[in-house]
S.K.: 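Just passing along the structure, written as structure tokens.
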Amino acid sequence: FVVVFVGGARNPAFAHGIIGVLVFALGLFQPFNAVIRPHHGAKWRGAWEVLHKGTGRLAVLLGLINVSLGTFLVAGPNGVWIAWHVILGVGIMAALGLEYNLRLGRQRAAIQAALDAVDQQARDALMYNTGAAAGGKAAAGGMETGGVEMKAVPLTAAMGGAGMDAGAGARAGQEPAGP
């Protein structure tokens, strides 16, 4: 640690050393963070998650900045500087793409859950209305009305799979929904 503070604040090597110490300290903090982790549903779990994710992301960001600063300190060919910054740019683009994909997946899951809830409400209404109008009795998984058995299906399946994600069943190894 003594080497870090030699050279003064105006020296880029000083900044490189300080950032390196901060990244190291943040890395050492993560195991302690695991020890103090509250259980799911605990009062402080949300704050802990913000702290855990925040310090981890800060460590990665500062580490990338520090490596970039270190490439300027190397008395080597320009190829080292160029190669690192190309790798850094590709890594940033990949991280942004993955984050976008993650958020898009969560949004799709929320929309699908809403559609499933609407499908369930429609099935309930269909079973209630058809059973009451025809004098039949509602049965588990379907209904019986005047000798004709009717089975309630999700609206997306009744429409030929024209729902939000018609291929979801096929990807999960299930038969595709159809009429």
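Worth saying up front: this structure is predicted, and the values here are computed from it rather than measured.
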S.K.: Identify all side-chain donor-acceptor contacts of residues 79-96 below 3.5 Å with residues at least two apart in sequence or on another chain.
M.R.:
residue	atom	partner	partner atom	Å
Trp84	NE1	Ser68	OG	2.8
His85	ND1	Trp81	O	2.8

S.K.: Quick check: do Gln112 and Arg108 have side-chain heavy atoms less than 4.5 Å from each other?
M.R.: no

S.K.: Looking at Ile19, is its backbone amide N or carbonyl O close enough to the side chain of Asn66 to form a donor-acceptor pair, meaning the two atoms are under 3.5 Å apart?
M.R.: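 A pair under 3.5 Å: no.
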
S.K.: Rounded to the nearest 0.5 Å, how far does CD1 of Ile65 lie from CG of Leu58?
M.R.: 8.5 Å

S.K.: Which hydrophobic side chains are connected to Val50, either touching it within the sub-4.5 Å cutoff or through other members that do?
M.R.: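 For Val50, no cluster forms, as it stays isolated from other hydrophobic side chains.
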
S.K.: Can you find a heavy atom in the side chain of Leu51 that is under 4.5 Å from one in the side chain of Trp44?
M.R.: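 Of all side-chain heavy-atom pairs linking Trp44 with Leu51, none is under 4.5 Å.
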
S.K.: So, using side chain to side chain donor-acceptor pair (under 3.5 Å) as the criterion, who are the partners of Gln107 when residues are at least two apart?
M.R.: none

S.K.: Look at the side-chain heavy atoms of Ile, Leu, Val, Met, Phe, Trp and Tyr, link any pair under 4.5 Å apart, and say whether Phe14 and Leu22 land in one connected group.
M.R.: yes

S.K.: Could you go through residues 30-40 and list every donor-acceptor pair under 3.5 Å that involves a side-chain atom there, pairing it with any protein atom two or more places apart or in another chain?
M.R.:
residue	atom	partner	partner atom	Å
Gln30	OE1	His52	ND1	2.8
Gln30	NE2	Thr55	OG1	2.7
Asn33	OD1	Trp48	NE1	2.5
Asn33	ND2	His52	ND1	3.3

S.K.: So, using side chain to side chain donor-acceptor pair (under 3.5 Å) as the criterion, who are the partners of Gln120 when residues are at least two apart?
M.R.: Arg123, Asp124

S.K.: Got a sec, which hydrophobics cluster with Leu104, joining ILVMFWY side chains under 4.5 Å apart, including via others?
M.R.: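 Same cluster as Leu104: Tyr100.
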
